[in-house]
Protein chains: 2
Amino acid sequence: MFKDKDFLIVEYTGRIKDTGEVIDTTSEEEAKKANIYDSDRRYVPQLVILGEHRLIKGLEEVLYSLDPDQEKEVEIPPENAYGTRDPSKVKIVSLGELRKQGITPYPNMPVRFSDGTYGTVKSVTGGRVLIDMNHPLAGRSLIYKIKVVKVLNDEKEKIDALLDRWFSRKYMPAFELSEDKKSLKVTIPKELFLLEDLQTRKLLFAKDVITYVLPEDCSIIYQEIYNKSIFTQ
Amino acid sequence: MFKDKDFLIVEYTGRIKDTGEVIDTTSEEEAKKANIYDSDRRYVPQLVILGEHRLIKGLEEVLYSLDPDQEKEVEIPPENAYGTRDPSKVKIVSLGELRKQGITPYPNMPVRFSDGTYGTVKSVTGGRVLIDMNHPLAGRSLIYKIKVVKVLNDEKEKIDALLDRWFSRKYMPAFELSEDKKSLKVTIPKELFLLEDLQTRKLLFAKDVITYVLPEDCSIIYQEIYNKSIFTQ
């Protein structure tokens, strides 16, 4: 039995109930078998902080009641996954209008409109294109196999997992936690100085640490050391 | 008499010799008189580090031989300013070609081409446009009035001037220099955490400090402190 703010490391594989199609997995083997392997992704058990709502509702809910190392298979109805289908979100758009946006539609094509919304082309008939603006998984019941492979209890383990989430496993920032746990010093390695969105990552890491790990009145002190070697490499 | 790496704070006003037109000035009053006042710019005496080549050659050269508070007027020939004019850099371009790039030319219009080069429209005759790709000040002799208002000797003054150059006068980073001058700790205020190009500014500040102020084997240690107040404002 787990509770809010617990740090779990979980493995999971999710399928569409009707078709058996794998839609998401933390296992490289499963991803390859299902032909959805993405070489940019790291297939390792994922950090889940309970109450964060990063997972679909039905999946997060089941985690609270699991025991460590217990594998469970759950069926998640649409309303606890990607929502029910809303038929009014199927639109007819003219082919000319899409072409103006640089889109040449074909069935099952995912489209992104200039206003930032997404849809899926259902059919192209003459000059009329049917587009479904529902989430591709809306209306689908899902089957997830899920297992808590590790529970992080120690602050240092939690900080390590959050550094991995927001920075880089390859160039891991070093950290030092004061005894009273009110001051966390994080040294950013020079390989990350020009990392995209570094400042946003610092902000989000700090927010997670303050919200889920250390006392509310703690400080996160980032440190970056520049010396001549940076300019002569 | 000054030498390489000296830190000077200078005031100057530059004019085109032939026309008397003011082209650049550190004086708000002069800028307003000359109708070139730019409200985004701070009109204050400028930091010049000798040997840096940020100023035009003729202007930097004269600074070496000045005395503090001595005002001097110098004439700078084109070759020590913006170069001589190269007649082969005047091109004829078709009006249609410019319009394709979204440019509707008129005389004296500055144009930027899609390849990143700059030019000035000289004339538009029928479908032909004469464009001068020389720098607008190429071939011009300039008259500069220049004065060294302050010389920075102390490391801390120099560091302060460089912080002003690369960060912000409004939210000035605090710094602490170790006694052996090998370690400079700079605390970035939270108002600058999301400053555009913050990481590039840190890099360039560190480079200037290592090149012009502190021993070659020094370290610049940036520090940023995040706490709850950052998320609750």
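Proteins come first, then strands; the chains are lettered A, B, ... in the order of their sequence lines, and each starts at number 1. Owing to the predicted nature of the structure, the values given are computational and were not obtained by experimental measurement.
For OH of B/Tyr37, the number of neighbouring non-hydrogen atoms (other residues, nucleotides, ligands) closer than 6.0 Å is greater than 12. For B/Glu176, the CD atom counts as loosely surrounded, since its 6.0 Å shell holds 12 or fewer non-hydrogen atoms of other residues, nucleotides or ligands. Environment of CZ in A/Arg128: sparse, with no more than 12 heavy atoms of neighbouring residues, nucleotides or ligands closer than 6.0 Å.
The structure places OH of A/Tyr226 at 13.0 Å from CG of B/Leu184, a figure rounded to the nearest 0.5 Å. Here the straight-line distance linking atom CG of A/Leu198 with atom CG of B/Leu198 works out to 8.5 Å at 0.5 Å rounding.
When heavy atoms are compared at a cutoff of 4.5 Å, A/Lys202 approaches chain B by way of both its backbone and its side chain. Interface remark: A/Leu203 contributes backbone and side-chain atoms alike to the contact with chain B (heavy atom separation under 4.5 Å).
Of all residues spanning residues 205-225 of chain A, those with a heavy atom less than 4.5 Å away from chain B's heavy atoms are A/Ala206, A/Lys207, A/Ile210, A/Glu216, A/Cys218, A/Ser219, A/Ile220, A/Ile221, A/Tyr222, A/Gln223, A/Glu224, A/Ile225, arranged by number.
Under a 3.5 Å cut-off, the side chain of B/Gln199 and the backbone N or O of A/Phe193 do form a donor-acceptor pair.
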